[in-house]
Amino acid sequence: MTPDQRLKLAQALITEAVACSNRNDIEEAKHLTELAISHEFKDEMERIIKGDVELFKMTFKKMYSQNIKEKIVARVMFHMLIENKDFQKTFRDKFIHLRHELWIFEKQQEWKYNG
């Protein structure tokens, strides 16, 4: 599937997810949203699973973005990554080194919003 085809599929899935949400079918809306993100951000997800630490950190930081799309995409991506066995194997050792840096970033975001 080409990137353009993946984007069109992702857009159709998001449209259907919104329709499901409007019908109060929240579980189906969540499922369709995950499918859309897995198609639109397939390359990014694969790079993170293979161990791209910089993309991992960038995606982590986007969870605190003011841009609502970036925030939602990053949070859904992390939800899917955490359940991925290959990601768990790849990042088990790397996370130990990233943990402190990301914890500091998270605390800075909390102070920014609560301070």
Side-chain angles (χ1 to χ4, degrees):
M1 188 176 287
T2 69
D4 285 343
Q5 290 171 324
R6 285 198 318 255
L7 181 59
K8 287 178 184 176
L9 176 57
Q11 290 169 338
L13 290 166
I14 286 295
T15 300
E16 187 59 27
V18 171
C20 288
S21 179
N22 290 339
R23 290 191 310 265
N24 219 16
D25 188 354
I26 303 305
E27 289 305 313
E28 187 64 15
K30 286 180 184 178
H31 175 70
L32 291 170
T33 301
E34 285 183 357
L35 283 174
I37 289 172
S38 69
H39 283 290
E40 185 173 348
F41 296 93
K42 180 180 185 286
D43 295 336
E44 291 86 345
M45 296 277 292
E46 287 176 357
R47 284 178 43 206
I48 291 172
I49 290 168
K50 288 179 182 174
D52 188 328
V53 173
E54 291 306 312
L55 184 56
F56 175 87
K57 290 191 297 188
M58 188 171 63
T59 304
F60 182 90
K61 291 176 181 181
K62 286 182 179 180
M63 289 195 304
Y64 296 92
S65 174
Q66 296 300 312
N67 179 311
I68 193 71
K69 181 183 178 183
E70 280 185 354
K71 183 185 287 189
I72 291 170
V73 167
R75 289 173 185 229
V76 172
M77 281 177 69
F78 266 88
H79 175 74
M80 292 186 300
L81 285 167
I82 286 171
E83 294 180 352
N84 183 290
K85 299 287 185 210
D86 292 330
F87 171 80
Q88 292 171 9
K89 290 175 192 171
T90 302
F91 267 86
R92 181 169 288 136
D93 294 332
K94 292 178 184 185
F95 185 73
I96 292 168
H97 301 289
L98 293 171
R99 176 179 53 162
H100 186 68
E101 177 184 345
L102 297 176
W103 180 80
I104 291 171
F105 175 79
E106 229 173 359
K107 289 300 172 196
Q108 290 171 339
Q109 298 310 303
E110 288 175 14
W111 295 328
K112 183 175 162 182
Y113 293 113
N114 296 326

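- Clustering ILVMFWY residues whenever any of their side-chain heavy atoms sit less than 4.5 angstrom apart, transitively, puts M58 in the very cluster that holds F78.
- The line from CD1 of I49 to NZ of K89 is 12.0 Å long, rounded to the nearest 0.5 Å.
- A side-chain hydrogen bond (donor to acceptor under 3.5 Å, both in side chains) check over residues 19-36, counting only residues at least two apart or in different chains, returns the pairs E34-H79.
- In terms of heavy atoms, A17 sits closest to A29 at O-CB, 3.4 Å.
- For the pairing with I48, the side-chain contact (heavy atoms from CB on, under 4.5 Å) check across F41, F91, F60 returns one residue only, F91.
- Grouping the Ile, Leu, Val, Met, Phe, Trp and Tyr side chains by contacts below 4.5 angstrom, directly or via other members, places F105 with V53.
- Hydrophobic cluster membership of L7, counting Ile, Leu, Val, Met, Phe, Trp and Tyr whose side-chain heavy atoms lie under 4.5 Å apart directly or via other members: none, as it forms a cluster of its own.
- For the atom pair CD1 (I14) and CD (Q11), the distance works out to 9.5 Å, reported to the nearest 0.5 Å.
- Applying the salt bridge (charged side-chain N to carboxylate O under 4.0 Å, His left out) rule to K107 yields the partners E110; only residues at least two apart in sequence or on another chain are considered.
- Listed by chain and residue number, nothing satisfies the salt bridge (charged side-chain N to carboxylate O under 4.0 Å, His left out) test with E106 (two or more places apart in sequence, or in another chain).
- Crowding of K71 atom NZ: a count of heavy atoms from other residues, nucleotides or ligands under 6.0 Å exceeding 12.
- Side-chain contacts under 4.5 Å among hydrophobic residues (ILVMFWY), followed directly or transitively, place L35 together with M1, L9, L13, L32.
- Residues forming a side chain to side chain contact (heavy atoms under 4.5 Å, CB included) with E70 (at least two apart in sequence, or on another chain): K62, S65, N67.
- Remark: E40 engages K69 in a salt bridge (charged side-chain N to carboxylate O under 4.0 Å, His left out) (not counting sequence neighbours).
- Going from atom CZ of F87 over to atom CE of M45 covers 9.0 Å, rounded to the nearest 0.5 Å.
- Listed by chain and number, the residues in a side-chain hydrogen bond (donor to acceptor under 3.5 Å, both in side chains) with Q88 amount to none (sequence neighbours excluded).
- Under the rule for a side chain to side chain contact (heavy atoms under 4.5 Å, CB included), A12 has no partner lying at least two apart in sequence or in another chain.
- Applying the side-chain hydrogen bond (donor to acceptor under 3.5 Å, both in side chains) rule to pairs touching residues 42-59 yields R6-D43, K42-E46, R47-D52, E54-K57, K57-E101, sequence neighbours excluded.
- Take E83 and apply the salt bridge (charged side-chain N to carboxylate O under 4.0 Å, His left out) test, not counting sequence neighbours, and it matches no residue.
- The side chain to side chain contact (heavy atoms under 4.5 Å, CB included) search around I82 returns none, not counting sequence neighbours.
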